[in-house]
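Model, not experiment: these values are computed from the prediction. Below, chains carry the letters A, B, ... as their sequence lines are ordered, and counting in each starts from 1.
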Amino acid sequence: MPLQGLNIRAMAAATPRTGRSQAARPRSGAEIRAAFLEFYEQRGHKRMASASLVPDDPTVLLTIAGMLPFKPVFLGQQQRPAPRATSSQKCIRTNDIENVGRTARHHTFFEMLGNFSFGDYFKEQAIQWAWELSTEVFGLSSKNLVVSVFRDDDEAEAIWRELVGVNPKRIIRMDEADNFWASGPTGPCGPCSEIYYDFRPELGDDGIDLEDDSRFIEFYNLVFMQYNRDAQGTLTPLANRNIDTGMGLERMAQILQGVPNNYETDLIYPLIETAAALAGVDYRALDAKGQTSLKVIGDHARAITQLIGDGVTASNLGRGYILRRLLRRVVRHGRLLGIDKPFLSAMGEASIALMQEAYPQLVERRELILAELAREETRFLETLERGETLLANILANKPRLISGAQAFELYDTYGFPLELTEEIAEEHGLTVDTAGFEAAMEEQRQRAKAAAVSIDLTLQEAIDQVAATAEATAFKGYEALEHPSCVLALVVNGEPATQASAGDSVQLVLDSTPFYGEGGGQVGDRGVLLGGGDQTSVDAGVIVSIEGVSRNRSVFVHSGQIERGSVTVGDLLTARVDASCRRRAQANHTATHLLQAALKQVVDPGIGQAGSLVDFDRLRFDFHCSRAVTPAELEQIEALINGWISEAHGLVVQEMAIEAAKAAGALAMFGEKYADVVRVVDVPGVSMELCGGTHVANTAEIGVFKIVSESGVAAGIRRIEAVAGPAVLAYLKEREAVVKPLAERFKAQPGEIVERVAQLADELKATQKALAAARSELAAAKASALAAQAEAVGAAADGAPFQLLVARLDGVDGAGLQGAAQGLADQLGEGAAVVLGGLPDPVDLGKVILVAAFGKAVIAAGPKAGAFIGGVAKACGGGGGGRPNLAQAGGRDGGALDGALEQAREQLHTALSGAPGAGQG
RNA sequence: GGGGAAUUAGCUCAGCUGGUAGAGCGCUGCGAUCGCACCGCAGAGGUCAGGGGUUCGAGUCCCCUAUUCUCCA
């Protein structure tokens with residue numbers, strides 16, 4: 001049952017701040033979002049859907065700002081989608097994670113409302129609309145608003161003052177740190193202007209301090225991108241000036257709903273209620289610490305649900321690690337609140353329910369999200385349990401305090417949170433050396449940082465630079481395998497260059513290319529570039545072998561080596577793809593499509609792709625499936641695919657609008673981003689997928705398809721590896737190379753090998769056992785015969801004589817000899833001093849084994865087996881040791897054995913006759 | 001990308017500074033019982049992840065590989 005107490009609707013309705021005509025004002029999060037987008041849509045902006053939290057840009061882990069999806073547009077690397085755009089973009093930031101729940105408005109997951117101008121309208125228009133939206137649509141009173149402008153931006157100030165009519169005292173100038181935006185050390189940048197909400201306008205207009213976040217909250221940031229900064233730091237005006245703005249949805253919700261912090265808005269509060277109900281607590285009745293925990297859970301629950309929804313899975317690196325950390329924080333705070341059973345699925349369900357209207361794909365991925373949450377939670381509980389055991393071990397030693405090193409080891413190696421260590425230590429009346437912990441943590445940070453610098457960035461950097469400036473490469477490889485191409489840029493050994501000569505390892509950018517660039521799971525083509533004189537034959541003056549082609553943004557990078565001649569930027573070369581490699585890749589790629597279709601047909605229509613690799617000699621297909629595919633199903637799949645192959649379906653490949661493709665039923669990958677016009681690969685009646693890869697013209701070209709293995713790769717994800725086309729032959733050859741020699745070796749038909757090997761293994765095991773038994777029996781027999789040779793020497797403390805036995809016993813291994821010695825010693829009683837030596841191996845006459853077994857009385861009298869046998873072994877060119885009662889040694893000088901044994905006998909004889917106990921009794 | 005750990009019986013794990021691989025649970029058989037659960041006794045079950053090295057001798061020390069966990073970036 002949901003908690004009583006806060007009722008958002010009631011609270012918001014009771015809020016008088018925004019004044020007039022409450023009825024029409026947006027209030028709920030959804031209304032605010034809709035109002036913002038509508039406002040700008042009405043003003044000519046193209047409404048853009050929120051991009052994935054996983055960005056295209058490989059240099060950032062997550063979408064951290066509303067403008068990130070438009071960064072390539074601002075940087076001039078991509079065509080603008082429209083002159084103006086508006087979006088509500090989901091974002092994740094974790095740099096201030098410790099503040100979440102403690103302050104009023106720190107989030108990991110948040111939504112950024114934005115309006116963007118790409119070389120279209122600028123400062124004046126942006127400012128006016130921002131003001132109009134804030135006051136007219138959201139109904140904020142100008143008395144409650146304060147704006148900031150950049151220190152030097154007189155233009156902006158003039159607009160605010162004169163065009164908008166803001167009280168000059170409520171226009172505050174700020175420095176670079178707050179009001180100047182740049183995406184990096186170089187590139188487009190410009191001043192900002194922000195709008196703040198003033199919760200206490202009655203304090204007046206004098207001495208306004210916008211840093212005071214108990215009074216002010218910044219809710220709208222306008223960036224005026226008007227300069228380009230070069231490497232020297234010089235600013236030059238941009239020809240096309242841009243506008244980039246952001247309004248925090250949660251912040252506006254807080255203002256309009258009149259709640260004291262973002263967490264109590266309708267965007268998050270229902271999750272707090274869910275968590276409170278699970279913990280059986282009342283949010284309003286809790287102390288600050290408890291409320292913080294609920295806020296953290298509410299905030300993080302949204303973040304982890306959305307992250308998994310965008311295809312992130314928990315792992316120990318990159319964004320997967322961010323997910324894991326967030327998720328574990330939720331569990332920890334849940335425990336702090338007293339939730340002692342798994343509850344993440346419940347939080348996930350509540351998060352999906354809360355956000356499904358704005359993000360319908362959460363519903364599509366519901367099962368996956370819940371499964372991932374449950375899986376990770378279980379894993380974390382295991383981690384905690386292990387950590388608790390380890391900590392209990394530490395505490396069992398009754399230490400005075402838990403050292404920083406111990407706490408750090410628990411954390412670093414076993415993932416056990418410091419807070420929990422502290423908590424448990426406290427229960428035992430101990431403290432934790434947190435300073436030592438921090439020191440160890442800092443050391444670890446420095447180590448990681450130092451290592452990060454040493455990465456060789458140069459190669460990648462050079463290519464990045466080249467790719468950023470080069471025109472998109474025209475791909476001709478669908479139609480042709482050979483094409484004349486002009487060299488646009490060169491990188492030699494990681495350095496940009498204008499020329500490269502024989503022997504150089506190079507990366508080339510061409511204006512157009514028939515080479516497929518690695519992407520969509522398919523490997524890049526191999527082949528050659530020919531130039532100079534006769535460009536049609538391998539006798540060409542210039543030969544560059546291409547070993548791989550990758551894509552950097554829309555530029556294809558050909559990597560290879562110059563075999564002959566030299567290449568200069570501007571050269572016209574003939575690019576020729578290795579047709580045989582390409583054919584193999586094509587066969588594997590089309591086969592991958594057939595495999596997916598077959599899986600859907602045989603196993604589950606709901607199967608979705610989770611990853612794919614198309615290489616020249618194999619293919620790998622990962623897919624979402626909760627159970628293993630049975631051998632019978634695999635056979636069925638193979639048969640189905642080989643049937644489609646023999647039916648010789650002609651492929652139909654065409655480009656069409658994305659909507660048309662989806663309407664036609666083409667399979668698109670979840671979370672994948674597609675352009676407006678997509679390529680559809682259709683095997684009529686069998687499979688239809690959006691795909692940019694290269695394919696056979698007819699399924700018959702594939703020839704044959706064979707599954708090599710089926711395995712699990714992660715919970716809920718299975719992997720099938722297979723081969724198709726010419727690669728099958730290579731696979732068969734490989735197998736034959738194993739089977740043939742085996743068949744010959746075992747003189748068996750290939751079909752009989754398995755049984756034969758199993759039989760041999762059983763026989764071998766039985767033989768080994770029998771041999772070991774026989775050996776120990778033999779050793780025992782030989783040993784008991786030796787018992788009679790024992791020599792009574794001196795007298796022990798109890799008056800009985802010591803029983804000295806030094807003998808040679810060959811052909812017995814170490815364990816046997818030890819067993820024999822122990823047996824003899826037991827037989828001879830507490831006064832037994834048994835030393836056995838022998839050559840275990842009739843072939844290797846150098847190897848010596850020595851064993852000593854001493855009874856209690858002997859040890860009491862002085863001689864210890866370990867030290868004694870070591871001395872004896874020295875005479876045989878070896879060493880040894882062991883416990884006082886039983887020891888083993890070895891040596892390499894078999895010839896010296898008899899002498900050594902004789903010496904040992906004498907030494908023991910002397911030691912035992914003169915033993916302290918000898919005279920007594 | 002850089003650290004720290006783990007991998008031993010079907011499962012959960014002990015195994016100290018190198019010296020004959022163990023426990024609990026599970027399994028099999030026997031006993032006890034009218035029968036079951038419980039109990040008692042006995043037994044089977046191991047390439048100590050794989051490969052190299054050091055050593056007379058490696059589960060144990062060193063290096064490499066694989067897989068998994070974990071922290072930092």
Exercise. Are A:D615 and A:R620 within salt-bridge range, i.e. N to O under 4.0 Å?
Worked result: no
Problem set entry | Under 3.5 Å: donor-acceptor pair, side chain of A:Q888, backbone of A:Q818 | no
Give me, pair by pair, the N or O atoms of the protein and of nucleotides 58-67 of chain B that are less than 3.5 Å apart, along with how far apart they are.
none

For this session: Return the value, rounded to whole Å, for the distance between atom CG of A:L420 and atom P of B:rC71.
Result: 13 Å
For this session: Once you apply the 3.5 Å cut-off to both distances, tell me the Watson-Crick or G-U wobble partner of B:rA5, or none.
Result: B:rU68
Exercise. Quick one: which of B:rC71, B:rC56, B:rU70 gets closest to the side chain of A:K847?
Worked result: B:rC56
Exercise. Touch check for A:G891, heavy atoms < 4.0 angstrom, all strands: base, sugar-phosphate only, or nothing?
Worked result: sugar-phosphate
Pairwise N/O distances under 3.5 Å, protein to nucleotides 20-26 of chain B:
| residue | atom | partner | partner atom | Å |
| --- | --- | --- | --- | --- |
| B:rU20 | OP2 | A:R883 | NH1 | 3.1 |
| B:rU20 | OP2 | A:R883 | NH2 | 3.2 |
| B:rU20 | O5' | A:Q818 | OE1 | 3.2 |
| B:rU20 | O4' | A:Q818 | OE1 | 3.4 |

Problem set entry | Length of the CZ-P vector between A:F416 and B:rA6, whole Å | 18 Å
For this session: Write down the distance separating the C1' atoms in B:rG18 and B:rC62, rounded off to the nearest Å.
Result: 13 Å
Problem set entry | Complementary nucleotide of B:rC56, counting Watson-Crick and G-U pairs under 3.5 Å | B:rG19
Exercise. Do A:F437 and A:F408 make the cut of ring centroids closer than 6.0 angstrom?
Worked result: yes
Exercise. How long is the line joining CD of A:E443 and C1' of B:rG2, in whole Å?
Worked result: 13 Å
For this session: Report the residue from A:I297, A:V330, A:L370 that forms a side-chain contact (heavy atoms from CB on, under 4.5 Å) with A:L344.
Result: A:V330
Exercise. Within this structure, what is the CG-to-P distance between A:L836 and B:rC56, rounded to whole angstrom?
Worked result: 22 Å
For this session: By nearest nucleotide on RNA chain B, pick out whichever of A:F380 and A:E409 is the more 5' one.
Result: A:E409
Exercise. B:rA73 and B:rU47: how far apart are their C1' atoms, nearest whole angstrom?
Worked result: 40 Å
Exercise. Given the P atoms of B:rC27 and B:rC11, what is the spacing between them in whole Å?
Worked result: 15 Å
Exercise. With no angle test and no hydrogens, is the base of B:rG2 tied to the side chain of A:Q444 by a donor-acceptor pair under 3.5 Å?
Worked result: yes
Exercise. Do you know the tightest heavy-atom contact between A:A875 and A:A896?
Worked result: O-CB, 3.4 Å
Exercise. Are the side chain of A:H428 and the backbone N or O of A:I424 linked by a donor-acceptor pair below 3.5 Å?
Worked result: yes
Exercise. Going by an N to O cut-off under 4.0 Å, is there a salt bridge joining A:E518 and A:R551?
Worked result: no
For this session: Tell me which nucleotide among B:rA5, B:rC56, B:rC71 gets nearest to the side chain of A:Y414.
Result: B:rA5
Exercise. Of all heavy-atom pairs between A:L850 and A:G837, which one has the smallest distance, and what is that distance?
Worked result: CD2-CA, 3.7 Å
For this session: Give a yes or no on whether the backbone of A:V100 and the side-chain of A:D299 come within a donor-acceptor separation of less than 3.5 Å.
Result: no
Exercise. Shortest non-hydrogen contact from A:L836 to A:A820?
Worked result: CD1-CB, 4.0 Å
Exercise. Can a donor-acceptor pair be found between the side chains of A:Q822 and A:D826 at a distance below 3.5 Å?
Worked result: yes
Problem set entry | Main-chain N/O of A:V54 paired to A:D310 side chain as donor or acceptor, under 3.5 Å | no
Exercise. Atom CZ of A:R379 and atom P of B:rU68: how far apart are they, to the nearest Å?
Worked result: 9 Å
Exercise. Between A:R386 and B:rU70, does any side-chain N or O lie under 4.0 Å from OP1 or OP2?
Worked result: no
Exercise. When all nucleic acid strands are considered with a 4.0 Å heavy-atom cut-off, which category describes A:A887: base, sugar-phosphate, or nothing?
Worked result: nothing
Exercise. What distance, rounded to whole Å, do you find between the two C1' atoms, one in B:rG53 and one in B:rU60?
Worked result: 15 Å
Seminar exercise, completed: Across every strand shown, the nucleotide meeting Watson-Crick or G-U wobble geometry with B:rA32 (both distances under 3.5 Å) is none
Exercise. Roughly how far apart, to the nearest Å, are B:rC25 and B:rC34 at atom C1'?
Worked result: 30 Å
Exercise. So, is A:R445 near the phosphate of B:rA73, with a side-chain N or O under 4.0 Å from OP1 or OP2?
Worked result: yes
Seminar exercise, completed: Per nearest nucleotide of RNA chain B, the residue lying toward the 5' end, A:T413 or A:M441, is A:T413
Problem set entry | Interatomic distance where CD belongs to A:Q406 and P belongs to B:rG4 [whole Å] | 19 Å
Exercise. How far, in whole Å, is B:rG50 from B:rU8 if one measures between their P atoms?
Worked result: 10 Å
For this session: In whole angstrom, give the distance that lies between atom CZ of A:F437 and atom P of B:rC71.
Result: 11 Å
Problem set entry | Side-chain donor-acceptor contact under 3.5 Å, A:D433 with A:S403 | no
Problem set entry | C1' gap between B:rU28 and B:rA9, integer Å | 15 Å
Between the protein and nucleotides 9-15 of chain B, which nitrogen or oxygen pairs are less than 3.5 angstrom apart?
none

Exercise. So what does A:G890 touch, heavy atoms closer than 4.0 Å: a base, only the sugar-phosphate, or nothing?
Worked result: base
For this session: Please state the P separation for the pair B:rA14 and B:rU7 - nearest whole angstrom.
Result: 7 Å
Exercise. Counting only N and O atoms by type, is there a donor-acceptor contact under 3.5 Å from the side chain of A:D810 to the main-chain atoms of A:G838?
Worked result: no
Seminar exercise, completed: Scanning all shown strands, the Watson-Crick or wobble mate of B:rC11 with both distances under 3.5 Å is B:rG24
For this session: Provide, to the nearest angstrom, the distance between the CG atom belonging to A:L390 and the C1' atom belonging to B:rG4.
Result: 13 Å
